[in-house]
Amino acid sequence: MSKKVLLAESAGFCYGVQRAVDLAKKTSEENGGCWMLGDLIHNTHVIRALEEKGVRKVADPAALQAGETVVIRSHGELKSVLDDLEQRGIACVNATCPNVMRIQKLVAQAEQEGRQPVIIGESHHPEVIGIASWCSNPLVFEGPESVQEWLDGDEKRKDIPLTVAAQTTCIRELFETSWKILKKECTNVKIFDTICNATHKRQSEAMSIAEQADVMVVVGDRKSANTKHLTEICMKRCPRVIQIEHADELSPDVFDGCSVAGLTAGASTPAGIIKEVYATMSEEIKAAEGMEMSFEELLNQSFKTLNTGEKVTGIVTAITPTEVQVDVGAKQAAYIKLTELSDDPSAKPEDIVKIGDEIETYIVRVNDVEGYAELSKKRLDAVKIWENIETAVEEKTVLEGTVTEENKGGLVVSVKGMRVFVPASQSGMPRGADLSEMKGKKVQLRITEVNRARRRVVGSIRAVTDEVQKAAQEAIWSTIEEGKRYTGTVKSMTSYGVFVDIGGVDGMVHISELSWSRIKTPSEICKVGDTMEVYVISFDAEKRKISLGCKDHSVDPWTAFMNKYGVGDVAEVRIVKLMTFGAFAEVVPGVDGLIHISQIADRRIEKPEDVLSEGQVVTAKITAVDEEKKKISLSIRALLAPAAEEDVADEAPVEE
């Protein structure tokens with residue numbers, strides 16, 4: 001019977017494992033040996049090989065001495081252990097997978113923000129234990145059942161703000177089912193998909209191959225979580241699944257009656273073991289058909305081909321003061337020079353990218369002979385900016401930028417690193433205004449012209465402000481009604497009142513509506529730029545006119561006077577108007593009383609202005625009140641000549 005073996009392309013070492021092994025070897029070579037704290041990765045064959053290269057294993061960190069060097073395993077370590085090692089002067093080479101380090105930062109940040117960290121994964125796995133140590137009280141759920149059980153335990157838990165992450169090797173279906181329950185039941189949940197891309201790809205390939213295979217072989221250490229998960233995934237889709245650590249465990253009768261066999265391996269399984277298992281499985285097929293490629297051929301086929309001028313995405317693996325190393329999934333080592341990382345000459349690489357970040361770059365040069373590729377982030381960013389600017393013109397997108405300079409013809413605005421010229425007529429400022437006032441301000445604009453050949457971009461701030469103003473005006477006119485209140489800004493002043501902007505539309509507050517007190521000019525009450533609480537007295541939508549009020553009509557000045565004063569009381573009053581027969585004085589805002597000319601002084605005077613002046617504050621006695629006509633008589637003389645009170649008492653309030 002013709003048989004074939006389907007090999008998963010992503011089988012074997014993932015980036016994080018390969019990085020840890022390489023770091024351990026390099027550290028041992030540079031230091032004449034070193035330690036690893038526990039198993040660097042979950043594979044006994046690799047651990048044995050590392051020990052042969054001088055990477056000795058120690059289980060208890062207390063056994064390490066100051067001056068020694070230890071490599072931290074790819075699954076990560078307890079934060080307390082790392083802190084202790086540093087304090088004791090033990091050099092640590094952190095081989096923790098960048099994906100795991102990202103989760104450690106996520107849970108620590110969540111706790112700082114007052115959120116509850118949640119980890120979906122195996123609670124007893126070293127990776128999860130290590131992550132949990134980066135916050136004080138994390139929740140660890142192994143699946144949707146434990147999630148639901150926690151939620152059912154207390155209704156108040158649904159209101160706790162949660163930040164949810166996953167173990168890097170978590171089965172995707174299990175993670176998605178878990179977070180969907182939390183998302184549905186809880187009011188404040190942030191989800192971070194932290195399953196390693198390589199893990200997801202490996203699981204997807206295993207799933208696909210298992211559906212086609214009669215027998216599925218999973219290679220990996222029995223302590224490895226991702227190997228165990230691969231086995232679980234395959235068992236749901238293939239009738240016969242075998243998990244082994246090396247080729248010796250395969251028996252000849254395993255493939256009886258099998259036409260298609262599948263092979264995958266965990267992230268900690270070295271290529272040599274996979275090759276050996278593959279060779280054992282496919283030996284008869286290769287001999288009979290001569291069609292199967294070798295493991296090396298299949299491995300080489302999985303590498304990307306790099307071509308100058310193309311875009312490529314990779315993972316940042318190392319950062320030095322002069323360059324950034326990137327894994328782009330190719331045979332060649334790839335790096336970005338600092339000069340090709342950013343336009344900012346003062347920028348530091350670590351401020352722009354972090355180890356483990358996914359980065360999209362442009363291939364500048366490929367050297368197959370020396371085995372490296374030069375990349376550029378700066379050039380790709382420039383291309384993207386032009387593409388984004390051109391798209392913004394087509395879609396009439398509103399962009400945000402900062403005014404960097406003012407020149408003879410207008411303004412220069414920096415939009416995502418691109419210089420955009422804004423003519424003075426499109427600045428949104430009045431004609432002849434000082435444009436230098438705009439420098440340093442953030443503005444919104446639309447791109448109106450792009451000429452990539454001349455590297456010229458023209459924009460308009462006015463196009464956005466006019467549109468915003470028009471929308472605001474329409475919103476005001478569509479909802480305005482008499483009595484509606486607004487918080488406005490005084491825009492201009494006249495002798496008869498002020499104009500107030502209530503959100504894109506100006507309304508008029510007449511001088512008589514500014515205050516209960518008598519005032520000669522609005523400037524006595526307010527100035528341009530003041531905030532004012534107003535209400536609509538009337539409006540004409542066709543003529544676009546609005547009459548506004550400012551006085552509080554819920555307070556009756558006469559009632560306020562009657563509650564405070566009575567006949568015979570003495571009050572401090574302000575002279576507001578001089579007449580031939582006397583002077584009117586404000587007793588309380590909105591209520592005036594008359595001081596008859598005969599009651600201004602203790603002597604005869606020709607006219608009130610001989611003694612009084614407008615605005616003057618004097619002390620007067622309330623001699624009479626006409627409640628029906630709301631008239632008040634006042635007397636200064638009564639306080640100067642007590643003997644005259646009998647004459648004053650008989651006087652009735654005099655009308656103006």
Side-chain angles (χ1 to χ4, degrees), residues 12-31 34 36-37 40-41 46 50 53 55 69-77 82 85-86 91-105 127 130 168 194 196-199 267-268 270-271 303-304 306 311-342 344-368 370-381:
F13 277 5
C14 67
Y15 158 71
V17 169
Q18 185 66 62
R19 173 177 173 272
V21 172
D22 291 345
L23 273 174
K25 291 178 180 177
K26 182 180 178 182
T27 302
S28 181
E29 290 173 4
E30 292 176 350
N31 294 274
C34 64
M36 56 180 159
L37 190 52
L40 187 73
I41 65 172
V46 176
L50 287 173
K53 290 185 176 292
V55 186
T69 301
V70 62
V71 181
I72 304 302
R73 60 188 173 185
S74 62
H75 289 304
E77 189 52 81
L82 297 178
L85 292 173
E86 183 179 356
C92 290
V93 177
N94 198 345
T96 304
C97 172
N99 292 318
V100 176
M101 286 194 283
R102 179 187 173 221
I103 307 173
Q104 293 172 346
K105 292 176 183 177
E127 177 188 319
T168 57
T194 51
C196 174
N197 288 333
T199 297
S268 302
F303 286 128
K304 292 179 184 175
L306 301 183
K311 296 178 185 178
V312 64
T313 301
I315 303 293
V316 176
T317 59
I319 299 174
T320 73
T322 58
E323 67 182 34
V324 172
Q325 296 174 17
V326 182
D327 178 5
V328 294
K331 294 179 183 178
Q332 299 90 343
Y335 68 93
I336 307 171
K337 293 179 181 177
L338 181 57
T339 54
E340 292 296 330
L341 191 62
S342 170
D344 185 355
S346 63
K348 296 179 181 179
E350 59 269 22
D351 295 335
I352 302 172
V353 293
K354 299 287 186 292
I355 293 177
D357 283 356
E358 186 175 85
I359 184 172
E360 190 175 14
T361 62
Y362 176 86
I363 302 174
V364 178
R365 187 161 70 98
V366 179
N367 190 325
D368 290 324
E370 296 184 13
Y372 68 85
E374 290 183 25
L375 310 175
S376 173
K377 180 179 181 295
K378 181 176 72 175
R379 298 189 199 185
L380 183 60
D381 289 345

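Index from 1, following the sequence.
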Checklist entry - Taking the side chain as C-beta and beyond, is there a heavy-atom pair between V328 and I363 under 4.5 Å? => result no
Item to check | Residues which pass side chain to side chain contact (heavy atoms under 4.5 Å, CB included) with S74, listed by chain and number, not counting sequence neighbours | outcome: A20, I41
Checklist entry - For E77, what residues pass the side-chain hydrogen bond (donor to acceptor under 3.5 Å, both in side chains) criterion, not counting sequence neighbours? => result none
Checklist entry - For I359, what residues pass the side chain to side chain contact (heavy atoms under 4.5 Å, CB included) criterion, not counting sequence neighbours? => result V316, V326, I336, V353, T361, K377
Checklist entry - Listed by chain and number, what are the salt bridge (Lys or Arg N to Asp or Glu O under 4.0 Å) partners of E358, not counting sequence neighbours? => result none
Item to check | Closest heavy-atom pair and its distance - L375, V364 | outcome: C-CG2, 3.9 Å
Next on the checklist: Let me confirm one number: the CZ-CE distance from R73 to M36, rounded to the nearest 0.5 Å.
Outcome noted: 11.5 Å
Checklist entry - If you measure from CD on E374 to CD on E340, what distance do you get to the nearest 0.5 Å? => result 8.0 Å
Next on the checklist: Check whether T317 reaches the backbone of Q325 with its side chain - one donor and one acceptor, N or O, closer than 3.5 Å.
Outcome noted: yes
Checklist entry - For E30 and T69, what are the C-alpha separation, side-chain angles and deciding distance, and is it a side chain to side chain contact (heavy atoms under 4.5 Å, CB included)? => result CA-CA 11 Å; E30 292 176 350; T69 301; over 6 Å; no
Checklist outcome for this item: Nearest heavy-atom contact between R19 and P98 is NH1-CD, 3.8 Å
Item to check | Which residues share a salt bridge (Lys or Arg N to Asp or Glu O under 4.0 Å) with E323, sequence neighbours left out | outcome: none
Item to check | Pairing residues for D357 by the side-chain hydrogen bond (donor to acceptor under 3.5 Å, both in side chains) criterion, not counting sequence neighbours | outcome: none
Checklist outcome for this item: The side chain to side chain contact (heavy atoms under 4.5 Å, CB included) partners of D22 (sequence neighbours excluded) come to Q18
Checklist entry - CD of E86: more than 12 outside heavy atoms within 6.0 angstrom? => result no
Next on the checklist: Would you compute the distance between atom CD of Q104 and atom CG of L82 and round it to the nearest 0.5 angstrom?
Outcome noted: 7.5 Å
Next on the checklist: Please give me the minimum heavy-atom distance between P349 and V324, naming the atom from each residue.
Outcome noted: CB-CG2, 4.1 Å
Checklist outcome for this item: Value for CD1 (I355) from CD1 (I315), rounded to nearest 0.5 Å, stands at 12.0 Å
Item to check | NZ (K337) with more than 12 external heavy atoms under 6.0 Å | outcome: no
Next on the checklist: Restricting to side chain to side chain contact (heavy atoms under 4.5 Å, CB included), what partner residues turn up for C196, sequence neighbours left out?
Outcome noted: N99, T168, A198, T199
Item to check | Nearest non-hydrogen partners of V55 and A24, listed with the distance | outcome: CG2-O, 3.6 Å
Checklist outcome for this item: When rounded to the nearest 0.5 Å, the distance separating CD1 of I352 from NZ of K378 is 10.5 Å
Checklist entry - For the atom pair NZ (K25) and SG (C34), what is the distance rounded to the nearest 0.5 Å? => result 12.5 Å
Checklist outcome for this item: Sorted by chain and residue number, the side-chain hydrogen bond (donor to acceptor under 3.5 Å, both in side chains) partners of N94 (sequence neighbours excluded) come out as T96
Checklist entry - side-chain hydrogen bond (donor to acceptor under 3.5 Å, both in side chains) with S268: which residues, sequence neighbours excluded? => result none
